[in-house]
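Every number for a ligand or one of its atoms is a count from 1 in the order of the listing.
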Amino acid sequence: MFIIGELINGMYKQVGRAIAEKDKKVIQDLAKRQVEAGARALDVNCGPLSKNPLSDMQWLVETIQEVVDVSLSLDSTKPDVIEAGLKLVKQKAVINSTSADQEKLDKLLPMANKYKTYLIGLSLDKKGVPQDKDRRIELAATIAAAAQDASFPVEDLLLDPVVLPVNVAQAQGINVIEAIREFKLLTSPAPKVIVGLSNVSQGTCERNLINRIFLVMAIGAGLDSAILDPLDKELMNSLIAAELILNKQIYCDSFLDAYRKK
Ligand code: THG
């Protein structure tokens with residue numbers, strides 16, 4: 001599982017404040033702790049309150065790269081904010097994200113090719129997030145076809161069915177699980193599938209429990225990657241055990257430690 005740490009996001013009050021005050025310590029601490037906990041990449045999102053998202057993105061990329069050497073997932077709806085970050089990254093980056101809208105694809109596919117990045121494609125468009133499985137598949141297929149037309153390597157494409165909170169969109173959980181299974185059949189070789197996990201529990205009680213169970217079900221359906229909180233130890237243990245049951249990790253009595261050591 002390709003784990004992307006979610007915690008450097010201006011949506012969190014402490015992070016939003018650190019970005020506004022250019023407090024490096026808060027950001028670098030989160031970067032180091034997430035990588036130590038098993039994140040192979042870090043999501044970087046300036047948050048909704050950023051007044052200068054372009055320079056904030058650049059400050060975040062530089063600040064994070066002073067202390068860790070992993071891929072950065074540049075998370076913004078604005079292509080110019082993503083490109084500002086791409087100019088500074090040292091490792092292969094993740095563009096987070098394009099939608100299925102043609103004008104987004106026309107900007108972000110050439111950008112992904114130019115900077116040789118991974119690209120996340122969200123199965124949504126101007127009309128919003130689909131409310132069923134078939135529309136998710138239709139929009140993911142649009143993105144996969146556009147990627148093929150642009151000669152973008154399918155192994156670098158990450159399709160995201162868009163997870164919604166279970167308290168306001170309860171029927172969408174199963175649609176997302178089934179969409180994951182079907183996304184894998186869209187191209188040959190299969191595309192990778194990713195979710196933003198914590199969306200599922202926003203506004204609920206028992207957030208960790210809901211995240212954990214949803215992640216295991218999604219892994220069972222073929223999930224390759226997730227944006228999640230790697231500091232949630234029970235979540236990480238569940239992820240490791242799920243991969244063990246699916247024969248993606250070798251069993252030994254100390255399998256949790258063994259996974260963490262590699
Ligand atoms: N797909 C892709 N990228 C994404 C998402 C996705 N990026 C953003 C998001 N969704 C994934 N990251 C988060 C980060 C934080 C939370 C949820 C998803 C979260 N934050 C607290 C909340 O809203 O309750 C913040 C409150 C606080 O503690 O201050 O839950 O789906 N490609």
Side-chain angles (χ1 to χ4, degrees), residues 1-20 26-27 30-31 33-34 39-50 53 57 60 71-79 81-82 85 93-101 104-105 108 112 117-125 128-130 136 139-140 143 156-169 172-173 175-177 179-180 183 191-212 214-215 218 223-232 235:
M1 170 83 30
F2 188 71
I3 297 166
I4 304 179
E6 74 178 8
L7 295 175
I8 302 179
N9 188 317
M11 201 198 301
Y12 292 102
K13 277 195 200 78
Q14 185 207 22
V15 174
R17 189 196 52 76
I19 295 170
V26 169
I27 304 300
L30 285 172
R33 286 166 63 209
Q34 291 187 93
R40 302 242 312 270
L42 298 175
D43 199 55
V44 184
N45 185 318
C46 307
L49 298 176
S50 167
M57 177 61 88
L60 282 168
S71 291
L72 300 181
S73 159
L74 307 172
D75 187 353
S76 173
T77 54
K78 301 192 184 83
V81 173
I82 291 172
V94 183
I95 291 181
N96 187 9
S97 50
T98 182
S99 64
D101 290 312
K104 269 288 180 76
L105 290 163
L108 291 164
T117 69
Y118 299 98
L119 174 64
I120 297 177
L122 296 177
S123 68
L124 55 75
D125 64 4
V129 180
R136 282 186 167 81
L139 293 170
I143 296 169
D156 290 341
L157 183 64
L158 296 150
L159 294 173
D160 183 334
V162 187
V163 172
L164 294 171
V166 69
N167 62 344
V168 294
Q172 295 312 308
N175 288 334
V176 167
I177 299 291
I180 292 170
F183 282 11
K192 304 257 182 348
V193 183
I194 184 168
V195 295
L197 181 66
S198 300
N199 302 4
V200 74
S201 64
Q202 271 176 320
T204 67
C205 301
E206 302 290 356
R207 287 200 70 170
N208 295 6
L209 174 64
I210 292 171
N211 289 342
R212 191 156 75 234
F214 191 72
L215 179 64
L223 191 74
D224 300 282
S225 177
I227 303 170
L228 53 71
D229 176 5
L231 305 186
D232 180 342
L235 178 69

Would you check whether Asp75 has a nitrogen or oxygen atom less than 3.5 angstrom from a nitrogen or oxygen atom of ligand 1?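 Yes, since at least one N or O of Asp75 sits under 3.5 Å from an N or O of ligand 1.
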If you measure every N/O of Asn45 against every N/O of ligand 1, is any gap under 3.5 Å?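 No: no nitrogen or oxygen of Asn45 is under 3.5 Å from one in ligand 1.
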Any heavy-atom pair between the side chains of [Y] and [X] that's under 4.5 Å?
| X | Y | result |
| --- | --- | --- |
| Leu7 | Val15 | no |
| Cys46 | Leu60 | yes |
| Val195 | Leu223 | yes |

Tell me whether [X] reaches ligand 1 (any heavy atom closer than 4.0 angstrom to a ligand atom).
| X | value |
| --- | --- |
| Gln14 | no |
| Asp160 | yes |
| Asn96 | yes |

Report yes or no: does Gln34 contribute a side-chain atom to a donor-acceptor pair with the main-chain N or O of Pro230 at less than 3.5 Å?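 Here the side-chain-to-backbone pair does not exist.
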Backbone of Pro161 reached by a side-chain donor or acceptor of Ser123 within 3.5 Å: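 Side chain of Ser123 to backbone of Pro161: a pair is present.
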Establish, from distance only, whether the side-chain atoms of [X] and [Y] form a donor-acceptor pair under 3.5 Å.
| X | Y | value |
| --- | --- | --- |
| Asn96 | Asp43 | yes |
| Asn175 | Gln172 | yes |
| Asp101 | Ser99 | yes |

In the protein, what heavy atom is nearest to [atom], and what distance, to one decimal place, separates them?
| atom | value |
| --- | --- |
| atom 22 (C) of ligand 1 | Arg207 NH1, 3.6 Å |
| atom 18 (C) of ligand 1 | Asn199 OD1, 3.6 Å |
| atom 19 (C) of ligand 1 | Gln202 NE2, 3.7 Å |
| atom 20 (N) of ligand 1 | Met11 SD, 3.5 Å |
| atom 13 (C) of ligand 1 | Glu6 OE1, 3.6 Å |
| atom 27 (C) of ligand 1 | Tyr12 CD2, 3.7 Å |

Which ligand 1 atoms are under 4.0 Å away from a heavy-atom of [X]?
| X | result |
| --- | --- |
| Ile227 | 2 (C), 3 (N), 4 (C), 32 (N) |
| Ser198 | 17 (C), 18 (C) |
| Lys13 | 29 (O) |

At under 4.0 Å between heavy atoms, which part of Leu122 makes contact with ligand 1: side chain, backbone, both or neither?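 Side chain only.
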Step-by-step side chain to side chain donor-acceptor pair (under 3.5 Å) determination, Arg207 to Ser201: CA-CA 5 Å; Arg207 287 200 70 170; Ser201 64; 2.9 Å; yes
Do you know which two heavy atoms are closest between Ala100 and Leu105, and how far apart they sit?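 Reported closest heavy-atom pair: O-CD1, 3.6 Å.
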